Amino acid sequence: MRIGAELHDLPFDALSPPVRHIRCQHIRIQIFRLQSVVAQRCPSEELPKMKAEYENEADRTAALIEIWREVLSPQDLDENSDLFEAGGTSMQILEIVGRVSEVMDVDVRLRQIFEHTTPKSLSVFLGASLKSQR
């Protein structure tokens with residue numbers, strides 16, 4: 001039996017905050033490894049143009065904060081609220097991908113949400129992608 005294997009059997013809410021942080025870090029490492037494998041096999045594609053009203057970073061960030069709040073529920077989320085630290089699940093991440101696509105008319109890949117876990121970092125990424133297309 002692995003050390004700490006019993007942590008995976010406990011519900012996330014039953015863990016103390018320091019243990020939750022360690023578990024989130026462990027999940028991020030696993031996701032990063034998986035993304036590396038996927039990135040090697042799947043060529044990156046350019047993002048389509050987003051709606052003009054979201055070309056400004058502040059507007060993009062505000063829209064992403066609202067999406068985070070709608071999907072994750074806590075209203076005290078801000079531009080630096082981490083998706084995983086806010087208790088985001090895989091289903092909620094898929095919902096965020098769908099909402100970003102619907103609201104901003106931009107195709108965001110699941111791996112991009114995992115790489116940019118705050119509204120601010122995703123907004124900066126989308127802005128950089130937008131600039132590189134021009």
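Computed from a prediction, not measured in an experiment: that's the story for all the values here.
Here the closest non-hydrogen pair linking Trp68 and Leu122 is CH2-CD2, 3.9 Å. Contact detail for Gln112 and Arg109: the closest heavy-atom pair is OE1-N, 2.7 Å. When all heavy atoms are compared, the tightest approach of Pro119 to Ser81 is CD-O, 3.5 Å.
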Requested in this report: List the steps, then state whether side-chain contact (heavy atoms from CB on, under 4.5 Å) holds for Tyr54 with Val103.
Outcome: CA-CA 10 Å; Tyr54 298 112; Val103 170; 3.5 Å; yes
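The salt bridge (Lys or Arg N to Asp or Glu O under 4.0 Å) test applied to Glu79 returns no partner, not counting sequence neighbours. In this structure, Asp59 has no side chain to side chain donor-acceptor pair (under 3.5 Å) partners at least two apart in sequence or on a different chain. Under the side chain to side chain contact (heavy atoms under 4.5 Å, CB included) criterion, Thr89 pairs with Met91, Gln92, not counting sequence neighbours. Glu57 is linked by a side chain to side chain contact (heavy atoms under 4.5 Å, CB included) to Arg60, Thr61, Lys120, Ser123, Val124, counting only residues two or more places apart in sequence or in another chain. Taking the salt bridge (Lys or Arg N to Asp or Glu O under 4.0 Å) definition, one finds that Arg69 meets it with Glu66, sequence neighbours left out.
The line from CD1 of Ile67 to CD of Glu102 is 8.5 Å long, rounded to the nearest 0.5 Å. Note that the NE2 atom of His116 and the CG atom of Asp82 stand 13.0 Å from one another [nearest 0.5 Å].
Ile65 and Leu83 end up in different hydrophobic clusters when Ile, Leu, Val, Met, Phe, Trp and Tyr side chains are linked at under 4.5 Å. Cluster membership for Ile96 and Met104, using ILVMFWY side-chain heavy atoms within less than 4.5 angstrom, is shared.
Side-chain polar atoms of Thr118 and Asn80 form no donor-acceptor pair below 3.5 angstrom.
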